[in-house]
Amino acid sequence: MYPEFNKVNAFLGQANSLLEGDRTMKDIFQSYQRNKNNVAVEYINDRGKIKNYKYKKLIKNVYNDAAIINELLHGENKGQPIILKAANSPRWVELFWAILMAGYKPLLIDAKTSKENTINLINQAKGAAIISDDMYQYPIKKLDVEIITEEKAHDNFAPEWENEVIFCSSGTTGDVKMMVFNGENLVHQICASINMPQETKDIMYPNIMGKLKILAMIPFHHIFGFVAVFLWYTFYGKTLVFPASNTPGDLQYICQRTGVTHIYSVPLLWDSTAKSLFRKASMSGQDKVDLLNKMIAFNTGKMDKNEAGLAASSIAKIKVQNAMFGSRVRYCISGGGFLSTETLNTINGIGYNLYDGYGMTELGVTSVELSPDVNIRLLGSIGRPLNGVEYKILPGGELAVKSPITHIREIIGGKEQDAQLDEEGFYHTGDIAEVDERGEYYLRGRIKDVIVNADGENIFPDELEIYFKDLPHVSHLSILGVKKKNSQDEDVCLILELDNQATDANIEEIKKLVKGIKLPHNVKIGNIYLAKGKLPLSNNMKVRRFVIKKAIEENNGEYLPIEKKNESSSKVEFSPDVTKKILEPMRDLFAKVLILPKFKIADDAHWINDLGGDSMSYVELVKEVQEYFNIEFKEETLGVMASINDFTQEVARIKKIR
């Protein structure tokens, strides 16, 4: 083993100290003292300056926050959950530890969760308080992030550590499923990495081998972000870099400015990055596209140096990287959803070593491909089980996992129960997997009805169906995922069985009603299908989704798609004033974000259906438009506006220009 591997091996071996202790959350936090002089967080302030502070300040802030939480709650209801509803930030890190130190269980939820769904979670979790910076009031005590920040604690606070953390696996309507992890689970999660130096020296290494800065973009309420970014890298004293937002522009800007070395994200980011690479190249001409293709072919071993020519030079590679996330990026992981072979090839081909991994809310992170061999990475393996984790393929192909990381309890509908394991201690994942002769695992699909979108978020059909229960002339309905053509990604589709009185006019009415229904932020109905006959029902009168899914994907004619029409406004006549002041600049903004020439963007073209945009680039568009016109869109308009015409009409209304 080379000296560098020995250094990495010794560095990761520090995790063994956790196994020798009480294996608690307190033990994990106290390890921060070992790295108190390392930079803990980095960000760019409102003035464009890079700011950071060290672990010793973070530790001090945690103590102060814990004391304030204790004072504000009068030391009552210890051991109950405190809901942490906040976006990623240095304050999130401090508040998470402060909740535990004050003697409460952090219940981690999405900062974008609606008031109604938050209250549902509070009731089912029996929360003692909520920490949030939103505008809502709740039936329990609310601790505003700003108030906790401004308060100064008294000196007589004595920590009373809690040892459990709660995650939400499902959405937040109806009975919610929550997973409880304790300190021992999360200690084993950190220690799962101990054997990594046998394969790589790049995923984690001591400071003597260079700076390590990881982009903190994946929400920490998500198990992937919590484990793979927050928990693991702070234990080893590395720097979390927080972007201003998750728009592609802000992510690239902060990576370039701060020298980010590690980027872990969901497939959507990598797909968006691959797409924008080729769009930028095409804007500069076919020669640039050819150069990019040669570079990818050379760096993935499909073309030799002589064939690649200039594309094989390190200068060409650095130039491409500097236009994306910078040239210091050393390690990338995709998790939380299916990663296409094409994207994997493109990102690795520009010199960003992108690996695929696997985990679940119930299990934590249990494997990641680690091979430095690009040919192995391109196979799309999720790697081998990490230290202490055991995989088994059940009859029928389902992946089962046995691990000390697996959650200890579940809370469903407010009632607690043990984790659902089989008699051998394995958790049945519902994912179909295969293993090759090298012991590498590959995911091939899902048994469950859960749909995983490109953001890596779980979409639960039962919860979505509630939104459509009042549609007229509908006898039965179902929500399910249908594979897109030439892709493993799935569209969220609505299947309808209509009564005998339904007319064409009724169908048009249903289409309009479906379009007007406001769904959760991560969901879009890809298509609506009408059943020729009755929907297949099981003995308990539930729709058999897998039967419908198979029929649609085989195109057997039993389910007919309602013909898609452009969902944007069609021909719209604007006044000369609106055209000059809003429409023309709007076209420029669309072209900038999409990286497309203006002549290719029709005013009524749909952002996703026609222009190939996605949810990440949409967020960037909204930001650009709001900044350019100095306005702020109402929440209910976001996602509804989809074309230049749509945005122009809304801006004209806000600015009162006719």
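As the structure is a prediction and not an experimental result, all values here were calculated from the model.
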Distance only, no hydrogens: is a donor on one side chain within 3.5 Å (strictly under) of an acceptor on the other, for W161 and T24? no
Does the gap between the ring centers of Y63 and F157 come in under 6.0 Å? no
Is it the case that the ring center of F220 lies less than 6.0 angstrom away from the ring center of F96? no
Is there a donor-acceptor contact under 3.5 Å linking the side chains of K112 and N117? no
Can you confirm whether or not the ring centre of F167 sits under 6.0 Å from the ring centre of F226? yes
Quick test of your reading of the model: are R91 and E94 salt-bridged, counting only N-O distances below 4.0 Å? yes
Donor-acceptor check, side chain of K549 to backbone of G481, threshold 3.5 angstrom: yes or no? yes
Can a side-chain donor-acceptor contact be found between S367 and Y391 if the only test is distance below 3.5 angstrom? yes
Side chain E162, main chain L100, donor-acceptor under 3.5 Å: no
Do K238 side-chain atoms and I214 backbone N/O form a donor-acceptor pair below 3.5 Å? no
Sub-3.5 Å donor-acceptor pair from the side chain of E146 to the main-chain atoms of D133, do we have one? no
Report the residue from L394, T429, T366, I432 that forms a side-chain contact (heavy atoms from CB on, under 4.5 Å) with L399. T429
Is the ring pair Y264/F224 parallel, tilted or perpendicular, if the boundaries are 30 and 60 degrees? parallel
